[in-house]
Amino acid sequence: LSTARDMPILLLPLVLTPLLSLAHYGDPNKVGGCMKDEVKIQIQGLSGDLCSPACSSSDACPTDVPKGVTAQPQCVLKSSTGGQNCALVCTPSTDEGDAQCGDKASCKAIQNIGLCTYDDVPPPPSSAHWVPLQSPTFQEQSVVLGVSFEKNGKIGYAGAGNNNVGATVIKSTDAGQSWEVVHPKNSSKPAFNLYLAAATKSGAQAVVSGIINDLWTIDGGDFFPSISGFLSPAQDAHVLPTGDFGLVGTFGKKSGVAVSKTGLKWDFRTYSNVNSTLYPARYGAFPSENVWYVTAGKFPSSNAMVAAKLENIQPISNNIHFHMDGLEGKYGFSFKENKENDDPVPCSVDPSNCFSAMILKTTDGGSTWDVVYQDKNNSNIYPNGIHCTSETHCVAVLEGETARIIVTRDGGKTWKESMYDTDSKSSLMAVHMVDDNEVWASGGHISSLSFEGRYWHSLDGGDTWVKEAIPGLYILNLDILGKQAGFSTALTFQQGVELLKYRSSNQTEPAVLIQTANKST
């Protein structure tokens, strides 16, 4: 085959996604994805997708191909910017058939040639950047609030709850494709707990926080209870810039950050200048060794919450309540759709039936704390996640009777409200800054008529946002490992759990397929 530059061309859009793999022209949907010098492409008019390296200046293509592939690499694609890309050119309707293209791929005719594309494109529901992983061992869990992976995205941990099994810690060693229970070792002795968050320092070192006690491991297999922090639920867990673990929550009667090298014993860095009953710590951000931020606040706990406690229900937000039955070993959750029944009042009137919102900051590693944000307008909101790319640039999310995103670029001296949703059924739980420009926030819309998970995406540091929605899901947490990798956990409308994987933020570009003519090779 040879390239005919003067023949008609067909404009074809490409979805470009740099990932990782073992050989050129591999399956972009497998763990690892494409090689660093490739992009993931989807061609209009052809089903499936493929990994495509760039052509050299002489139109040459890398010759290494996946095992079993006999199709020939050719420089046959050209982008709208002038760059050229390679693909596996096959011959349709031959005795070899799809075998030319290797596992999970097939030879598809287009114009007078054939191209190999892979047929295992992730099924919907998905969005432009997030796609559910087909993981039966994850989906069989009854409750998972969040996952935490090591930096390379291969080994991850999560606290889970499984009906008739109890509370467990599950582990993946294949980037979330499969999960196994690593705690408790003895399934005949179920644990009564609700695990809230996890932090992974390496494949062998991790901590998992719980409402009863916290767990830690230094070998990736055996988990042990911490000797401090009992009955101190921490809803957020991190690996700090120092390399220590950090938990954010309420510890006894005080709130703040608990710090530990391994998770065995915790050192509590709490704030004393703020009433922890009115402003319990919720989530944290740790941009440097000494500068930390903590969101603090509450939502109405009288009315429905009083009944909830009698039914072993743990609310992690005003929208989501988790159910535990230790005797039966059953776990579940419910969504709170009708928030108008809260009837909140100012905290000065009834501290158990009010909203409060605050952000605190420390510049000395938790020894002292200052208030850098506080809702003084009785706006009926409370904060959830916060994340920073530097000591001065942070983004935080709030929810309640409205949902809001706020941004600071001066270390908390001023906050800009960059997203404001007046729909009381809208919710925001987590936020992650990939860099100074790209930011993700997540949550959902909790309504039986329009139940959907929502990712909010910013490319200007949090000033403006674009929504990506996935019907039937509620997005709980974000574990983004870099510009090309990340995970997210979700609850489903049908009372299940889902694990989603982050796809590259590169956008679709138009490209042309250069028509070819036969020649001997």
Side-chain angles (χ1 to χ4, degrees), residues 17-22 28 30-38 40 129-131 133 135 138 144-159 169-180 182 197-209 215-221 223 236-248 259-263 283-289 292 385-390 395 430-440 442 476-489 499-506:
T17 311
L19 295 167
L20 299 171
S21 190
L22 297 176
K30 283 188 175 181
V31 174
C34 302
M35 297 184 73
K36 290 182 178 180
D37 61 343
E38 291 182 305
K40 173 183 175 181
H129 296 84
W130 295 91
V131 59
L133 279 174
S135 176
F138 188 88
V144 180
L145 275 69
V147 297
S148 175
F149 281 82
E150 61 176 339
K151 284 298 183 182
N152 67 13
K154 298 294 184 183
I155 298 177
Y157 296 89
V169 176
I170 55 177
K171 177 182 180 180
S172 174
T173 58
D174 57 6
Q177 296 289 332
S178 62
W179 296 80
E180 64 173 345
V182 290
T200 302
K201 188 184 301 186
S202 67
Q205 283 190 276
V207 297
V208 180
S209 68
L215 300 173
W216 60 280
T217 182
I218 56 173
D219 63 7
F223 277 80
D236 197 16
H238 293 263
V239 177
L240 307 184
T242 59
D244 295 336
F245 289 108
L247 301 180
V248 182
V259 179
S260 176
K261 290 190 177 299
T262 62
Y283 296 88
F286 303 87
S288 67
E289 291 188 7
W292 307 342
I386 185 171
H387 199 250
C388 307
T389 55
S390 68
V395 180
V431 62
H432 189 101
M433 302 186 71
V434 181
D435 53 34
D436 261 349
N437 296 314
E438 188 173 11
V439 191
W440 285 95
S442 66
L476 273 177
N477 93 312
L478 296 167
D479 184 35
I480 297 180
L481 309 176
K483 290 188 74 67
Q484 308 301 333
F487 299 87
S488 181
T489 53
L499 179 64
L500 297 97
K501 191 172 183 180
Y502 178 56
R503 300 195 280 198
S504 169
S505 59
N506 287 339

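What you see is a predicted model; the values in this text were computed from it and never measured.
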Checking the side chain of [X] only, and the main-chain atoms of [Y] only, is there a donor and an acceptor separated by less than 3.5 Å?
X	Y	value
D236	G284	yes
K201	K261	yes
S209	A197	yes
H238	F286	no
Q205	S202	no
Y157	E150	no

Closest contact, heavy atoms only, [X] versus [Y]:
X	Y	value
S488	L478	OG-CD2, 4.0 Å
S172	S178	OG-O, 3.0 Å
L133	A175	CD1-O, 3.7 Å
P241	P287	CG-C, 4.3 Å

Minimum side-chain heavy-atom gap [X]-[Y] below 4.5 Å:
X	Y	value
L145	T489	no
F245	V239	yes
I155	T200	no

Tell me if the CD1 atom of I218 is crowded by more than 12 foreign heavy atoms within 6.0 Å.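 No, CD1 of I218 has 12 or fewer neighbouring heavy atoms, counting only those of other groups under 6.0 Å.
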
Just checking, any donor-acceptor pair under 3.5 angstrom between side chains of D479 and S148?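 No - no donor-acceptor pair under 3.5 Å links their side chains.
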
Going by the ring-ring contact (aromatic ring centres under 6.0 Å, His included) test, name the single residue among F487, F149, W130 that passes it with Y502.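 Going through the options one by one, the only one that passes is W130.
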
Run the side chain to side chain contact (heavy atoms under 4.5 Å, CB included) check on Y283 and V431 step by step: do they pass? CA-CA 10 Å; Y283 296 88; V431 62; over 6 Å; no

Positive for side-chain contact (heavy atoms from CB on, under 4.5 Å) with W179, one of V144, V147, T173: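 So the option named by the test is V147.
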
How long is the gap from [atom1] on [X] to [atom2] on [Y], to the nearest 0.5 Å?
X	Y	atom1	atom2	value
K501	S135	NZ	OG	11.5 Å
T389	H432	OG1	NE2	10.0 Å
H387	I480	NE2	CD1	8.5 Å

